[in-house]
Number of protein chains: 2
Amino acid sequence: MRLLLVEDTYDMAEAIMIRLERAGAACDLARTLEQARECVAVQRYDVIVLDINLPDGLGTDLLREMRARGERTPILMLTAEFSVDDRVSSLNWGADDYLVKPFDHRELEARVRALYRREAGEKSEEVALGRLRFNPGARTLRLDDEPLPLTRREISLLEVLVRNRGKVVSKERLFESIFSFEETDVGMNAVELYIARLRKKLGETGVRIATQRGLGYRLDIDG
Amino acid sequence: MRLLLVEDTYDMAEAIMIRLERAGAACDLARTLEQARECVAVQRYDVIVLDINLPDGLGTDLLREMRARGERTPILMLTAEFSVDDRVSSLNWGADDYLVKPFDHRELEARVRALYRREAGEKSEEVALGRLRFNPGARTLRLDDEPLPLTRREISLLEVLVRNRGKVVSKERLFESIFSFEETDVGMNAVELYIARLRKKLGETGVRIATQRGLGYRLDIDG
DNA sequence: GCAGGGGTGACAGCTTGATGACAGTTTCTC
DNA sequence: GAGAAACTGTCATCAAGCTGTCACCCCTGC
């Protein structure tokens, strides 16, 4: 999941970043509205977490601009205190959810995940893949009820492939979903590496990753 | 698709070229207005991507010249920052679209493709060819829902034939749509080769490539 | 039957992807 | 906090697939 966090206070931003990254998101941070605009122009995000109070304007401005352009990226607003005004105007302008600070981090994680899931139209959290069952929220994979341990990166990769199972996903797209701008010096070879590692772990489970030369990879399920 | 990119900054040009070429376009690069004029004089393009700020003038000058000559080649303008002036004058002078830098590369790809498609008057992205379905954007071909893998060149060739299905396309025209000036040392035999390879892959799918001796090739659909 | 364009198999060079080994880093455990 | 274990990403090497040339054959229309 590629995520943009727009939040100016250092401590808050840091805390949220750490949590979301641990939860497997490739997470970019913007400290100002201006930075956020640049990020949004260059990168497509799965979810945006947007603070309302920013040094150079209101988060709702960005929200409004994006919706005016027809961008439907799920956006979760953060508001410093419970303000009926903020809430009403946010939802009016097309925010998908909002959260009042201070909040429980697990709450934020759950809501972000819900937005991400809703975007893909998945109803339940767990996805059945032949003999495998994948739970992106809990970040677990099981083979016939037996846990099959994967690392953070492997799960991030698998998550994108599962969301697009049966369809080809380009290597660039996979890269963007796994690595944030901060990790931009990572080579494209890393994607190939994790594909290889995933393949090895998936083994003969009936789930395969097919290579489409020059186009990308596709997750196929036997039977 | 034969495309001209007019862009002076090296990195930007490089990045765009790589993307568009991977997307199957035969892509010429002009670093100056002067170079661009030469290209346009010599070669017919399907789409032109034109930066406004160039070392020896404004992209809008070229736009104006071409429109004055009655050339209707789809042109997408690139502008360094959001300037209402640029936008208004570009669209006034007959630009077909514009994009503000920085942008998401997929956005550029999608817009270029939209212009190309519009030029041919295609409404939807996917084209039905008997039992085959061809999606030039995703660059996929399917036979009864089964993917039929083609290589980059094969798809580029097929794309031109499909756009002109039922009509004869000259070998020179096919050559120009597949190879850019940089690949000009490639022999005309290469077109024949790819025709042969395409024929082999198409097999008995009801889509045939007929040879019109001395004139070119024509894509026919049975039934 | 002959001239010239077109078709095609074989091949060599190149690009892209796969993978083992390794070193730096983080995380876990005691 | 020290040591161990696991995770990450780079590099080098290997394998597979794509590309375009060549050579040679086959048609087709005179």
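Chain letters run A, B, ... following the sequence lines, proteins first and then strands; every chain starts at 1. The structure presented is a predicted model; accordingly, all values stated were derived computationally and were not measured.
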Short N-O contact, A/D220 and A/R218, less than 4.0 angstrom: yes

Distance-only side-chain donor-acceptor flag, A/T9 / A/E7, under 3.5 Å: yes

Between the protein and nucleotides 20-23 of chain D, which nitrogen or oxygen pairs come in under 3.5 angstrom?
residue : atom : partner : partner atom : Å
D/dG20  : OP1  : B/R153  : NE           : 3.4
D/dG20  : OP1  : B/R153  : NH2          : 2.7
D/dG20  : OP2  : B/R153  : NE           : 3.2
D/dG20  : OP2  : B/Y194  : OH           : 2.9
D/dG20  : N7   : B/R197  : NH1          : 3.4
D/dG20  : N7   : B/R197  : NH2          : 3.4
D/dG20  : O6   : B/R197  : NH2          : 2.7
D/dT21  : OP1  : B/D185  : O            : 3.3
D/dT21  : OP1  : B/G187  : N            : 2.9
D/dT21  : OP2  : B/G187  : N            : 3.3
D/dC22  : N4   : B/N189  : OD1          : 3.4

d(CD, B/E192; P, D/dC26) in whole Å: 17 Å

Whole-Å gap separating C1' (D/dT8) and CD (A/E182): 16 Å

Under 4.0 angstrom between B/T151 side-chain N/O and D/dG17 OP1 or OP2: no

Distance in angstrom units between A/K171 NZ and C/dT16 P, rounded: 9 Å

Euclidean distance, atom CD1 of residue A/I195 to atom P of C/dT19 [Å, nearest integer]: 11 Å

Geometric class of the B/H105/B/F103 ring pair [parallel <30°, tilted 30-60°, perpendicular >60°]: perpendicular

Presence of B/K200 side-chain N/O under 4.0 Å of C/dG9 phosphate oxygens OP1/OP2: yes

Note: B/K201-B/E154 ion pair, threshold 4.0 Å (strictly below): yes

B/R31 side chain to B/Y10 side chain, donor-acceptor N/O pair below 3.5 angstrom: no

d(CG, A/L157; C1', D/dG9) in whole Å: 14 Å

B/L215 CG - D/dT28 C1' separation (whole Å): 14 Å

Polar side chain donor-acceptor pair, B/S124 to B/E122, under 3.5 angstrom: no

Donor-acceptor pair (no angle test) under 3.5 Å: B/R213 side chain, C/dG5 base: yes

Polar side chain donor-acceptor pair, B/R139 to B/S156, under 3.5 angstrom: yes

Integer-rounded Å distance: C/dG17 P and A/Y217 OH: 6 Å

Spacing of B/L198 atom CG relative to C/dG6 atom P, expressed in whole Å: 17 Å

